[in-house]
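Have a look at the structure below, then the notes.
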Amino acid sequence: MDLKRLEYFCSVAARGSISKAAKELHISQPPLSARIKELEEELGVKLIHRGRNVWQLTPEGEEFYEKAQFVLSYVKGMAEETRKNSAKIAGLVKIGVCQPCLPYLQPLLPRLIRDCPELRYRVWIMDNQSLERHLQERHFDFILAQLPVRNHNYEIRMLATDPYYAVYGEGIAPPVSDRAGVEELEGLPLILTRRRDGGGGYDLIMRAFQQSRKKLNILLDSQDTHLLGSLLRDGTPAVGILPYRIIDQEGLTALPRRPVNIPGVGLTPILVWLKSAYLPNHARYILECIRRASPSPAS
């Protein structure tokens with residue numbers, strides 16, 4: 001099978017237009033159309049429905065597109081690695097991280113930088129939704145995100161769950177109980193982490209209060225855990241609901257705290273990469289270092 005035909009097909013599929021694909025590939029439309037037709041004849045299936053202005057993938061085309069992406073990604077990655085000295089762990093590792101999961105990576109970086117001096121790192125911190133979008137566009141080798149994720153064409157490795165704690169700010173006394181559930185948190189001004197794409201602890205806390213018919217008083221919610229930590233450090237009279245590693249990272253361990261006793265509320269971090277993309281050896285090495293540092297209970 002001709003790799004050039006695969007490249008042409010993937011370009012048309014990604015852009016949904018033969019004119020846009022031809023422009024990007026710097027060829028005219030007739031030979032591009034001919035190469036796609038030859039590929040269909042070779043496979044014996046129709047890959048694309050041709051419309052006047054838009055070409056749409058058939059179900060067979062969608063399945064083939066995913067496989068073709070992997071083949072092209074693998075060939076590209078193999079060629080790049082062959083040009084490098086295979087005895088060294090070297091190259092650029094591109095990682096996307098959601099802020100609540102940063103404590104799973106940040107403490108490891110000094111050791112990794114020391115042990116692998118020929119590696120370079122590009123680390124982007126953004127919300128889960130943006131991480132997934134950039135991963136789909138192959139801007140990252142892998143991402144460190146939190147469950148749930150929206151897409152399904154992933155390889156996933158779960159890490160150790162980080163429990164949530166209620167951290168009591170200035171002037172707010174913690175409960176006598178050794179845990180903080182709905183009853184202990186009722187009516188108190190809460191500052192909560194909240195994902196832009198929904199899901200996670202915020203939704204579970206909302207649901208628990210609704211089901212218990214208790215008063216929920218949300219003073220502030222944000223996806224920025226550093227903001228929540230700074231508010232508590234600065235004496236804000238509120239209760240922050242935060243993962244334990246964030247509490248430690250933000251220097252909040254001196255404040256009173258109680259484990260959150262609401263079913264399912266906890267940070268579940270995951271390492272994610274595309275099934276259809278080649279994962280370079282140096283990126284796989286860093287991924288495995290992160291996984292070994294925080295193995296899931298099932299590991």
Side-chain angles (χ1 to χ4, degrees), residues 97-107 125 127-129 144-149 158-270 293-298:
V97 189
C98 71
Q99 195 176 59
C101 293
L102 192 57
Y104 286 79
L105 172 65
Q106 190 169 336
I125 301 170
D127 60 88
N128 246 54
Q129 188 176 28
L144 178 51
Q146 55 182 316
L147 285 176
V149 288
M158 295 181 65
L159 303 181
T161 298
D162 198 5
Y164 271 65
Y165 279 73
V167 183
Y168 293 80
E170 189 173 298
I172 299 187
V176 176
S177 170
D178 62 353
R179 292 186 176 272
V182 170
E183 291 186 1
E184 290 81 8
L185 295 171
E186 183 181 17
L188 295 178
L190 303 182
I191 54 178
L192 306 177
T193 61
R194 184 177 187 177
R195 289 172 51 168
R196 186 165 64 92
D197 60 342
Y202 181 91
D203 288 0
L204 291 171
I205 291 170
M206 289 282 290
R207 193 174 304 128
F209 271 85
Q210 290 168 356
Q211 292 173 348
S212 302
R213 297 184 179 180
K214 300 293 185 181
K215 180 183 178 183
L216 177 62
N217 178 16
I218 299 177
L219 176 66
L220 180 146
D221 63 74
S222 174
Q223 63 184 0
D224 189 341
T225 55
H226 180 65
L227 170 63
L228 304 187
S230 66
L231 289 172
L232 292 169
R233 282 197 310 273
D234 293 342
T236 302
V239 180
I241 309 296
L242 295 167
Y244 180 78
R245 294 185 191 219
I246 293 294
I247 294 170
D248 186 47
Q249 184 185 58
E250 293 295 328
L252 303 174
T253 53
L255 294 177
R257 63 183 185 274
R258 297 287 187 272
V260 172
N261 187 26
I262 297 176
V265 174
L267 176 68
T268 306
I270 52 175
S294 301
S296 71

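The first residue in the sequence is number 1, and the count goes up from there.
Between I270 and M158 there is a side-chain heavy-atom pair separated by less than 4.5 Å. The side-chain heavy atoms of I172 and P189, taken from C-beta on, include a pair separated by under 4.5 Å. Contact check for S294 versus R245: side-chain heavy atoms found under the 4.5 Å cut-off. The shortest side-chain heavy-atom distance between Y168 and P175 falls under the 4.5 Å cut-off. Considering only heavy atoms from C-beta on, I246 comes within 4.5 Å of P103 through its side chain. Counting only heavy atoms from C-beta outward, the side chains of Q249 and Q106 approach each other to under 4.5 Å. Using a 4.5 Å cut-off on side-chain heavy atoms (C-beta onward), D162 and P269 make no contact. Contact of the Y165 side chain with the L242 side chain is not registered, since no non-hydrogen atoms from C-beta on lie closer than 4.5 Å.
When every heavy atom of L232 is checked against every heavy atom of A238, the shortest pair comes out as CD2-O, 3.7 Å. Closest of all the heavy-atom pairs between N128 and A145 is OD1-CB, 3.5 Å. Looking at every heavy atom in both residues, D224 comes nearest to Q99 through OD1-OE1, 2.9 Å. A pairwise comparison of heavy atoms in G235 and E170 identifies O-CB, 3.3 Å as the closest pair. For the residue pair C101 and L144, the shortest heavy atom distance occurs at O-CD2, 3.5 Å. In terms of heavy atoms, R195 sits closest to P148 at NH2-O, 2.7 Å.
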**Item:** T193 and Y202: CA distance, side-chain angles, deciding distance, side chain to side chain contact (heavy atoms under 4.5 Å, CB included) verdict
**Value:** CA-CA 7 Å; T193 61; Y202 181 91; 5.8 Å; no
**Evaluation steps, side chain to side chain contact (heavy atoms under 4.5 Å, CB included), between L190 and L185** = CA-CA 8 Å; L190 303 182; L185 295 171; 4.2 Å; yes
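One finds the CD1 atom of I247 at 11.0 Å from the OG1 atom of T225 (value rounded to the nearest 0.5 Å). Rounding to the nearest 0.5 angstrom, the gap separating the CD atom in Q146 from the CG atom in L159 is 12.0 Å. Here the CG atom belonging to L192 is positioned 9.5 Å from the CG atom belonging to L219, to the nearest 0.5 angstrom. A distance of 11.5 Å separates NE2 of H226 from CG of L102, quoted to the nearest 0.5 Å. Distance check, rounded to the nearest 0.5 Å: CG of L267 to OG1 of T161 gives 8.0 Å. Here the straight-line distance linking atom CZ of R179 with atom CG of N261 works out to 6.0 Å at 0.5 Å rounding.
Atom CD of E186 has more than 12 neighbouring heavy atoms from other residues, nucleotides or ligands inside a 6.0 Å radius.
Not one N or O on the side chain of Y244 forms a donor-acceptor pair closer than 3.5 Å with the backbone of P259. Side-chain atoms of R233 do not come within 3.5 Å of backbone N or O of G251 as any donor-acceptor pair.
With sequence neighbours excluded, the residues that form a salt bridge (charged side-chain N to carboxylate O under 4.0 Å, His left out) with D127 are R196.
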Using residues 204-217 as the side-chain source, report each donor-acceptor pair under 3.5 Å to any protein atom, sequence neighbours left out, with the distance given to one decimal.
from : atom 1 : to   : atom 2 : distance (Å)
S212 : OG     : A208 : O      : 3.0
N217 : ND2    : G187 : O      : 3.3

